[in-house]
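Counting starts at 1 for both ligands and their atoms, in listed order. Just so it is clear, the values below take in all heavy atoms, side chains as well, and ignore hydrogens, waters and symmetry mates.
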Amino acid sequence: TGLSRPQRMLKAVQKNATKGDPQSVIAAIDYYCRHKEWAMNVGDDKGPILDSVVSEVNPSTALELGTYCGYSTVRIARLLSPGSKLITVEFNPAYAAVARQIIAHAGLQNKVTLVEGGSGDLIPKIKEQFGITSFDFVFLDHWKDRYLPDIKLLEDCGLLKKGSVLLADNVICPGTPEYLEYVRNSPRYKSQYFQSYLEYTKAEDGLEKSVFLG
Ligand SMILES: Oc1cc(-c2ccc(F)cc2)cc2cncnc12
Ligand SMILES: [Mg+2]
């Protein structure tokens with residue numbers, strides 16, 4: 001049945017984006033997904049909000065849950081200071097295979113570690129495997145019913161510290177009601193909603209930024 005949607009997206013990047021130029025990779029994906037076929041990247045409406053939060057935090061250690069094709073991985077990694085690291089977790093091997101190539105096309109492979117597997121299995125292993133004591137920034141963009149259990153896991157594993165920033169995609173569409181209720185009502189978080197649009201559409205969606213208070 002030919003190429004998958006992620007593989008078609010990769011071809012568009014290889015054809016239209018300049019090697020080593022993250023901005024051209026981002027633009028090529030946004031053009032393809034807006035004009036050719038939709039795909040579940042954070043996109044060019046929510047993307048600048050992601051950029052502004054990453055730039056404000058300027059994380060030394062960052063975690064992304066849900067790589068997909070690597071669009072937001074590239075958005076985050078292009079903003080990291082030298083020596084900073086982004087770990088991105090993807091459950092689907094076919095997605096991970098495309099993401100590795102898109103991240104490499106952007107020239108960001110030295111800033112990014114892509115780990116294949118389930119976030120629930122991998123989070124408890126991060127300290128020992130990567131020698132990371134805590135994350136300054138976490139981007140949640142995977143299965144919506146994993147958002148809440150995974151931040152509780154991050155808390156229990158001591159991977160969050162006072163000031164750690166969580167940014168969650170899709171809190172309206174498809175929606176993460178249990179997660180929102182938790183971060184908005186917990187005394188351990190200061191939460192803020194950034195209204196935007198579902199990628200490449202006119203539907204409402206938004207990002208929830210939650211600062212861990214320790
Ligand atoms: O940004 C996203 C959007 C959608 C999605 C799919 C279908 C639809 F109709 C609306 C929204 C699904 C996602 C799954 N994981 C991560 N991010 C996602
Ligand atoms: Mg998303």
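At most 12 non-hydrogen atoms from other residues, nucleotides or ligands lie less than 6.0 angstrom from CZ of F91. Atom NZ of K36 sits in a sparse spot, with 12 or fewer heavy atoms from other residues, nucleotides or ligands closer than 6.0 Å. Surrounding OH of Y197 are at most 12 heavy atoms belonging to other residues, nucleotides or ligands under 6.0 Å away.
Contact annotation: for L198 versus ligand 1, heavy atoms closer than 4.0 Å belong to the side chain alone. If you look at D205 next to ligand 1, there are no close heavy atoms at all, none under 4.0 Å.
Cation-pi geometry between K152 and Y147 is not met at under 6.0 angstrom from the ring centre and within 45 degrees of the axis.
Ring geometry for F139 against F137 counts as parallel: the plane angle stays under 30°, on a 0 to 90° scale with 60° as the upper cut.
In this structure, atom 6 (C) of ligand 1 lies nearest to the protein heavy atom W38 CH2, 3.8 Å. Nearest to atom 13 (C) of ligand 1 among the protein's heavy atoms is M40 SD, 3.6 Å. Nearest non-hydrogen protein atom to atom 3 (C) of ligand 1 is E199 OE2, 3.3 Å. When hydrogens are left out, the protein atom nearest atom 15 (N) of ligand 1 is K144 NZ, 3.4 Å; that is the closest non-hydrogen contact. Closest to atom 18 (C) of ligand 1, if we only count protein heavy atoms, is N170 OD1, 3.3 Å.
Remark: ligand 1 and K46 share no N or O pair separated by less than 3.5 Å (distance only, no angle test). Any N or O atom pair closer than 3.5 Å counts here, and D169 shares at least one such pair with ligand 1.
A donor and an acceptor atom, one from each side chain of Y200 and D44, are nowhere located under 3.5 Å apart.
Within a 4.0 Å radius of atom 9 (F) of ligand 1, the protein contributes no heavy atom.
Contact check on E208 versus R184 returns a salt bridge, with a Lys/Arg side-chain nitrogen under 4.0 Å from an Asp/Glu carboxylate oxygen.
For the Mg ion (ligand 2), the nearest N, O or S atom contributed by D169 is named OD2.
In the hydrophobic clustering of ILVMFWY residues, with side-chain heavy atoms under 4.5 Å counting as a link, L148 and W143 come out apart.
With the Mg ion (ligand 2) at the apex, D141 OD1 and N170 OD1 define an angle of roughly 90° (rounded to 10 degrees).
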